[in-house]
Amino acid sequence: MRLILSLALAAFALPASAQERPRTWANPVDVDYKYNFEQTHRRISYRTGADPVIVLHRDRYYLFQTLADGFWVSDDLLDWTYVASERWPFESNVAPAAVSDGERLYLMQSAFEPRPLLVAERPEVDGWDWHTRLLPPVPGAVSRQEEGTFGEGGLPADRLPPGPWDPALFIDDDGRWYLYWGSSNVYPLYAAEIDPTPPTAFRSEVVKLHVLHPDRHGWERFGEDHSGGLPDGTTIDPYMEGAWMTKHAGRYYLQYGAPGTEYNAYANGTYVGSAPLGPFEYAPWNPVSYKPGGFVEGAGHGSTFRDRHGNWWNSGTPWLGHNWTFERRIAMFPGRIEDDGQMWFTSRFGDFPQVIPDGPVDDPESLWTGWVPLSYRAVATASSTRDDFTPDRATDENPRTFWAAARNAPGETLTLDLGGVKSVQAVQVNYADLESGVYAESPSIRTRFRLWGSTDGADWRVIADLSESRRDRPNAYVPLPAAERLRFVRYEHVESPGANLAIGDLRVFGNGDAPAPATPEGLAVDRGQDQRNATVRFAPVEGAMGYNVRWGVRPDRLTLTYQVWADELRGRGGAVEVRALNVGVDYVFAVEAFGEGGVSPLSDVVSAPAR
């Protein structure tokens, strides 16, 4: 085998011609997720990230998430640098709140009793200081010790659960501050005005906001595809959490996550009002951010923010769940707020590569590059295999299956045959934790590898060299400087943390030479007796890799998407069950097919009116 180093990628430097290519990224967000310590004594080891808050402060982006013992900064939403913090909650930071007043950045942890409020101008430079060493108690809140003493009837009407857990801070245009919080499958969200002057104080009574209504809002039902419970049939009441407040054009959008971080159904919804403490009305176009299908599943519990160009984004928490229920990642989805007030964020091709905008974007769906995962169901071979963790598990677009090598050692390889010479644009290496045995952050935690390409399986060249990487990249997205014509793509292992080398999916993005698939025909939508559900059927298309079932409240706003693979559709008997509808709301549906050559024209729109 002849190995040829590609000069264009020596030291991974971009040639001048390649610099004209738009910069791209892909979900899950490529940050160095941290190993969780909570299951140390159970010997369960995994990286995780969740509940992301992204704030634009002093022209830099700050990312905070659960159990990270620090935060990330970025100048472009692409390249994130982790910053460890000395002044940080001893029990770590869970579902944090963050807000900027333009000059200072404030950070607050979830808590069941008073905790500090941190402040900084440039925390990555100067660190954090105390804004107040101890926030005031929530008026009327019981302690954790008291909470279980009230019997089956629960808390009295004049008492609140311990908190504020899952907080959100909001500063209105007039400079007044508000706090929102709550995480429960029993209690509502809460809100109050606060005085930020140290040591801070509550300025208003606590307002009880909404609870979930899964009997009317299909997407608020717990479980896989909103089944209502666990796989064994156990019914589970859905959870509501992740409050976030956004103001735009005089409207206040009270965001919340539901129905629980487990499974593919996690989403963000909103209530809308004309004042920061309400009253609020349920938005009939909910959920606003939703991704039940594909490699990245779940979009709930995050933040809504504008980038420096004024474009809207929503962050959320996809579910992984192989090692532990709360093994997760983070994602971002672009979107819009329409003139009539509708807020929406697109997950259409939401885990395929996207362009990061360098200016205002009118249509967030135009940010998709057009690249698809050529690696899906590609023939995979490996230098070695441990147990039943076979190479085909690295090409199934399932984040909970993976290939594992017999040993974690340099030189192990995973090779994909794309079935023909195709235009490869980017590669994403998604590692998995298999009995990793790591429970704490360390400078030695890093991922290093090379990517090789070949047209014939004999002559190989390096297409990306990350063998000197200094950080961990569990979901390493590697865009190539220019398209490469390749049939074979090979991962060569250099280094990764943990006892075992495991790769969840080696995703190769680009396009083949075949034309885009034809438009699916025969679309039929049966709303059924249960208005929360719709069964969608259509004729399969030759050459389709997968399909996007799209729906919304207007034909020109098909804002929600359920992606299914072509072989997955066959396994479902040719039907897709959409269980995320709102009772009393009229919908319209359409479907499109995608393949190596691109995406088909959209089908005719079919109405699914309320009854």
So that I know where these two stand, are [X] and [Y] an aromatic pair - ring centroids less than 6.0 Å apart?
{"X": "Tyr290", "Y": "His226", "result": "yes"}
{"X": "Tyr477", "Y": "Trp25", "result": "no"}
{"X": "Trp371", "Y": "Phe509", "result": "no"}

Could you list the residues that satisfy side chain to side chain contact (heavy atoms under 4.5 Å, CB included) with [X], not counting sequence neighbours?
{"X": "Glu521", "result": "none"}
{"X": "Thr519", "result": "Ser600, Pro601, Ser603"}
{"X": "Asn185", "result": "Asp237, Tyr239"}
{"X": "Arg23", "result": "Asp76, Leu78, Asp79, Ile356"}

Pairing residues for [X] by the ring-ring contact (aromatic ring centres under 6.0 Å, His included) criterion, not counting sequence neighbours:
{"X": "Phe71", "answer": "Phe64, Trp128"}
{"X": "Trp565", "answer": "Tyr376, Phe594"}
{"X": "Trp319", "answer": "Tyr263"}
{"X": "Phe449", "answer": "Tyr491"}

### Phe589 six-ring centre to Arg550 NZ/CZ under 6.0 Å and within 45° of normal
no
### Query
Any cation-pi pair here, Arg490 with Trp460, using under 6.0 Å and within 45°?
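Yes, a cation-pi geometry holds between Arg490 and Trp460.
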### Task
Not counting sequence neighbours, which residues clear salt bridge (Lys or Arg N to Asp or Glu O under 4.0 Å) with Arg386? List them please.
Glu435
#### Entry: For Glu327, salt bridge (Lys or Arg N to Asp or Glu O under 4.0 Å) partners two or more places apart
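Glu327: no salt bridge (Lys or Arg N to Asp or Glu O under 4.0 Å) contacts found.
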### Task
Check Val591 against Pro520 and note the closest heavy-atom contact, atom names and distance.
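Taking every non-hydrogen atom into account, CG1-CB, 3.7 Å.
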### Task
Spell out, as yes or no, whether a donor-acceptor pair under 3.5 Å connects the side chain of Arg446 to the backbone of Pro443.
no
### Query
Where the side chain of Gln428 meets the backbone of Asn27, is there a donor-acceptor pair that is under 3.5 Å apart?
yes
### Task
For Asn475 and Arg47, test the side chains for any donor-to-acceptor distance below 3.5 angstrom and give the result as yes or no.
no
### Task
Would you tell me whether Ser454 and Arg487 have side-chain atoms, one donor and one acceptor, within less than 3.5 Å of each other?
no
#### Entry: All pairs passing ring-ring contact (aromatic ring centres under 6.0 Å, His included) where residues 403-441 contributes a residue, at least two apart
none
### Query
Which pairs, with at least one residue in residues 292-302 and sequence neighbours excluded, count as a side-chain hydrogen bond (donor to acceptor under 3.5 Å, both in side chains)?
Asp51-His301, Tyr266-His301, Glu297-Arg400
